[in-house]
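One structure below.
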Amino acid sequence: MLSLLAASGAADPIQWAELGLRPGIELGFFTLRYYSLAYLIGVIFAYWHTSKMLKQPGAPMAQRHADDLFFYCTLGVIFGGRLGYALFYTGGDTGIPSAFTDFSGDGFVSWKLLRMWEGGMAFHGGLMGVTVAMAYVAWRDRLNFIRVVDYVAVGVPMGMLLGRLANFVNGELWGRVTDVPWAMVFPAADDLPRHPSQLYQAGLEGLALLVIMMLLFWTTRARYRPGLLAGVFTLGMGISRFVNEFFREPDAQLADFAARTGLSMGQWLTIPLILTGLIVVIYALRNKPLGAGTTAPA
C-alpha cells in the first residue's frame, strides 16, 4: 500500500506489474485464487452477519431459515452470475450469446458456458439468481419475501468489496485511458495509463454501501419498514455501478455497442435497478412501520 501511495505522486503512471500482486495463494498442489476466496469470505460474512441480525427484535425468519437460505443463495450467485455473463456479455454485436453454442474448449470441459475460468460472472445475473433463491425459500417456508430481502441485502456489499479487490489483484476489468496522477498501466490491457476502476467499484459498490447498510440496520429503525433496506441497497448499488461504468473500460466484445448507444451494457442493465430501488424506497417510506414486537417464525 505504501508503494502504491508513493507511486501516485510520480509523473509516470503506476505500473501494476511492479506492485508484486499475485492471483492467488500457492498451496503446492493447487492455487487458491483470490477471486474464489472473495466469494467464499463474502458468503461466510453474509451468513454470520445475518445470523447476528436475526437475534435482534423484529427478525422475519428463524436461524433454520437462514441456513437453507444461504445454501440456495450460494447456488444462485454461482449459476445466476455465470448465466448472466453468458447472456449479457458474450453476444457481441450479433446479440447471440456465444457461450451457449461454443464447444471449442480444450480438455474435458469443452462447453464455454461451463469453462468459468474463461470469462467471468455478471453481477446482474448473480443478483437475479439470489432473488430467485430468496423467493423460493420465502414461498416454501411462508416468509415475508421483502423482509427476507431486507436482511440479506445488508451483508451483500462485503462480497462486492472483496470481489472488486480480487479483480484489481488479478489485473482485470481495468478502467478507461486517463491522465490522472494515480493512473495505472495494466499489462493485460496495453501500455496506456488507465483508471484503476476496480478500486473505485470496491469503494463505492462495496465499502461505502456496506457502511450505509450497516448504519441503517444497527442505528435506525429501518428494519421495521419492509423494503427500505432492500430498496436502499438496490438504489445505491445501481447508482454506484452506473457512475463507475464511466471509468471502467467496456468489455472488448461490447465496445462497439457502448460507442453506438452512448452507455455501456453495465449501465443499461443498471437503469432498471435504479428505478426499482427508488420505487421500493418510496413504497417503504409511505407505509406504516411494523411494531417493535414483531417476532420471527418458529
Side-chain angles (χ1 to χ4, degrees), residues 1-48 74 77-78 81-82 85 89 105-109 112 114-123 125-126 155-178 180-210 240-241 244-245 247-253 266:
M1 181 59 71
L2 290 177
S3 62
L4 179 61
L5 293 174
S8 66
D12 294 332
I14 303 168
Q15 299 293 324
W16 177 89
E18 296 178 1
L19 299 178
L21 302 175
R22 297 290 183 269
I25 303 172
E26 293 293 340
L27 298 177
F29 54 97
F30 82 105
T31 300
L32 178 59
R33 299 282 178 175
Y34 286 121
Y35 199 69
S36 301
L37 196 58
Y39 268 89
L40 179 62
I41 296 176
V43 170
I44 292 174
F45 172 83
Y47 175 78
W48 169 80
T74 301
V77 167
I78 296 172
R82 185 57 178 172
Y85 178 84
Y89 293 97
D106 297 329
F108 178 73
V109 180
K112 187 175 181 180
L114 300 181
R115 295 174 67 86
M116 300 182 69
W117 58 93
E118 294 181 0
M121 310 279 278
F123 162 73
V156 172
M158 174 61 82
M160 300 301 299
L161 169 62
L162 297 174
R164 294 314 179 192
L165 290 178
N167 290 145
F168 178 75
V169 170
N170 290 340
E172 60 193 9
L173 302 184
W174 47 78
R176 301 173 190 256
V177 176
T178 181
V180 297
W182 56 88
M184 292 187 183
V185 173
F186 294 93
D190 45 40
D191 295 327
L192 300 175
R194 296 176 174 275
H195 284 287
S197 57
Q198 314 96 320
L199 299 182
Y200 303 170
Q201 291 185 273
L204 277 180
E205 300 171 18
L207 183 59
L209 192 54
L210 179 65
S240 298
R241 182 66 183 270
N244 280 323
E245 285 285 326
F247 302 98
R248 176 177 167 178
E249 183 73 14
D251 292 72
Q253 70 273 23

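Values in this document were obtained by computation on a predicted structure and should not be read as measured data.
- Between D12 and V185, the closest side-chain pair of non-hydrogen atoms is not below 4.5 Å.
- Residues A188 and G171 share a closest heavy-atom pair of CB-O, 4.1 Å.
- Between F168 and L19, the closest side-chain pair of non-hydrogen atoms falls below 4.5 Å.
- Under the side-chain hydrogen bond (donor to acceptor under 3.5 Å, both in side chains) criterion, Y34 pairs with no residue, sequence neighbours left out.
- Atom CZ of F45 is separated from atom CG of L40 by 14.0 Å, given to the nearest 0.5 angstrom.
- To the nearest 0.5 Å, the span separating CG on L210 from CD on E205 amounts to 13.0 Å.
- Side-chain contact between E18 and M184 is absent, with no heavy atoms from C-beta onward closer than 4.5 Å.
- For the atom pair CD1 of I44 and CG of L37, the computed distance is 8.5 Å after rounding to the nearest 0.5 Å.
- Summarising the geometry, atom NE2 belonging to H195 is positioned 15.5 Å from atom CH2 belonging to W174; distances are rounded to the nearest 0.5 Å.
- Checking L199, L173, N244 one by one against R164, the side chain to side chain contact (heavy atoms under 4.5 Å, CB included) holds for a single residue, L173.
- Among Q198, Q201, E172, the one residue that satisfies the side chain to side chain donor-acceptor pair (under 3.5 Å) test with N167 is E172.
- The aromatic rings of F247 and Y200 lie perpendicular to each other, with more than 60° between the two planes, well past the 30° mark.
- Side chain of R176 to main chain of E245: a donor-acceptor pair is present (N/O by atom type, distance under 3.5 Å, no hydrogens or angles).
- Taking each heavy atom of L165 and A202 in turn, the nearest pair found is CD2-CB, 4.0 Å.
- Between the CG atom of N170 and the CZ atom of R33 there is a distance of 7.5 Å, given to the nearest 0.5 Å.
- Listed here is the closest heavy atom pair of W16 and P187: CE3-CD, 3.7 Å.
- Across P13 and P193, no two heavy atoms sit closer than the pair CB-CB, 3.7 Å.
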